[in-house]
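Single-structure report; data block below.
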Amino acid sequence: MAGHAHESNTKRIWIVLAILSIITAVEVVLGIYKPDSLYLSGFLGTSFLNWIFIILTIVKAYYIAWAFMHLEGEKTWFRRSVVWTAVFLICYLVTLILIEGGYLYDTLGPLVKW
């Protein structure tokens, strides 16, 4: 009976930790400093800074699924079905939130001091 040799994933875990930490650090630094060039300019209903946060969050979610759900070892179509479904649903949610948020801002703007 041939058994599988146990491989240590310590190096891989540290690499995943480093990548996720770097992405999180970039998000925190951008959130603290809020550069005017990114914060005061807009694109598709929100600022560039918000788009950067949305994209980095999707990248982190994808990488977490890739590393910890072991998607790299699965068949191509299974990976695509998991990842593209999640990406579509997240983009749909972001679109709805931006549309509804814009509507609420326009509707309640005269009534509420933001």
Side-chain angles (χ1 to χ4, degrees):
M1 220 195 279
H4 294 285
H6 177 70
E7 294 181 20
S8 175
N9 287 324
T10 306
K11 180 180 178 183
R12 185 168 186 270
I13 291 171
W14 282 108
I15 291 172
V16 170
L17 176 69
I19 291 171
L20 292 175
S21 297
I22 289 169
I23 294 173
T24 303
V26 168
E27 287 178 333
V28 169
V29 167
L30 286 174
I32 290 172
Y33 290 112
K34 285 186 187 178
D36 288 339
S37 61
L38 296 175
Y39 182 65
L40 298 177
S41 58
F43 179 70
L44 291 176
T46 190
S47 68
F48 286 117
L49 187 62
N50 284 346
W51 281 114
I52 290 171
F53 287 142
I54 291 167
I55 291 167
L56 288 177
T57 302
I58 291 173
V59 167
K60 282 195 318 187
Y62 175 78
Y63 194 68
I64 288 169
W66 184 266
F68 295 119
M69 293 176 63
H70 307 289
L71 287 179
E72 72 272 11
E74 297 294 338
K75 296 195 182 240
T76 304
W77 285 106
F78 179 71
R79 282 195 316 243
R80 288 181 183 164
S81 67
V82 170
V83 170
W84 288 112
T85 302
V87 167
F88 170 75
L89 290 174
I90 290 169
C91 290
Y92 182 67
L93 176 67
V94 166
T95 302
L96 290 178
I97 288 173
L98 289 174
I99 290 170
E100 290 298 320
Y103 171 76
L104 286 175
Y105 182 78
D106 292 340
T107 303
L108 298 176
L111 304 173
V112 178
K113 183 177 182 182
W114 301 99

All pairs passing salt bridge (Lys or Arg N to Asp or Glu O under 4.0 Å) where residues 15-30 contributes a residue, at least two apart: E27-K60
By the salt bridge (Lys or Arg N to Asp or Glu O under 4.0 Å) test, which pairs, at least two apart or in different chains, include something from residues 94-105? none
Say whether I64 and F53 are linked into one hydrophobic cluster, either directly or through other cluster members, by side-chain heavy-atom distances under 4.5 angstrom. yes
Measuring from I55:CD1 to N50:CG, what's the distance to the nearest 0.5 Å? 11.0 Å
Residues which pass ring-ring contact (aromatic ring centres under 6.0 Å, His included) with Y62, listed by chain and number, not counting sequence neighbours: W66
Take a 6.0 Å sphere around OH of Y63 and say whether it holds more than 12 heavy atoms from other residues, nucleotides or ligands. yes
Any residue meeting side-chain contact (heavy atoms from CB on, under 4.5 Å) with A61, in chain and number order, not counting sequence neighbours: none
Going by chain and number, the hydrophobic cluster around Y92 (ILVMFWY, side chain to side chain under 4.5 Å) further includes L96
Going hydrophobic residue to hydrophobic residue with side-chain gaps under 4.5 angstrom, can you get from L20 over to V59? yes
Does Y33 belong to the same Ile/Leu/Val/Met/Phe/Trp/Tyr cluster as V26, with side-chain heavy atoms less than 4.5 Å apart forming each link? no
L93: which other cluster members, linking ILVMFWY side chains closer than 4.5 Å, directly or transitively? I97
Non-neighbouring partners of T10 that pass side-chain contact (heavy atoms from CB on, under 4.5 Å), sequence neighbours left out: S8, W14
Pairing residues for E74 by the salt bridge (Lys or Arg N to Asp or Glu O under 4.0 Å) criterion, not counting sequence neighbours: none
To the nearest 0.5 Å, atom CG of L49 lies from atom CD1 of I54 at 10.0 Å
Measure across V16 and A67 and return the closest heavy-atom pair with its distance rounded to 0.1 Å. CG2-CB, 3.8 Å
Once salt bridge (Lys or Arg N to Asp or Glu O under 4.0 Å) is applied, do any residues pair with R80, and if so which ones, sequence neighbours excluded? none
V28: which residues meet the side-chain contact (heavy atoms from CB on, under 4.5 Å) condition with it, sequence neighbours left out? T24, I32
Euclidean distance, L17 CG relative to I22 CD1, rounded to 0.5 Å: 9.5 Å
Please report the interatomic distance CG(L30) to CG(L56), rounded to the nearest 0.5 Å. 7.5 Å
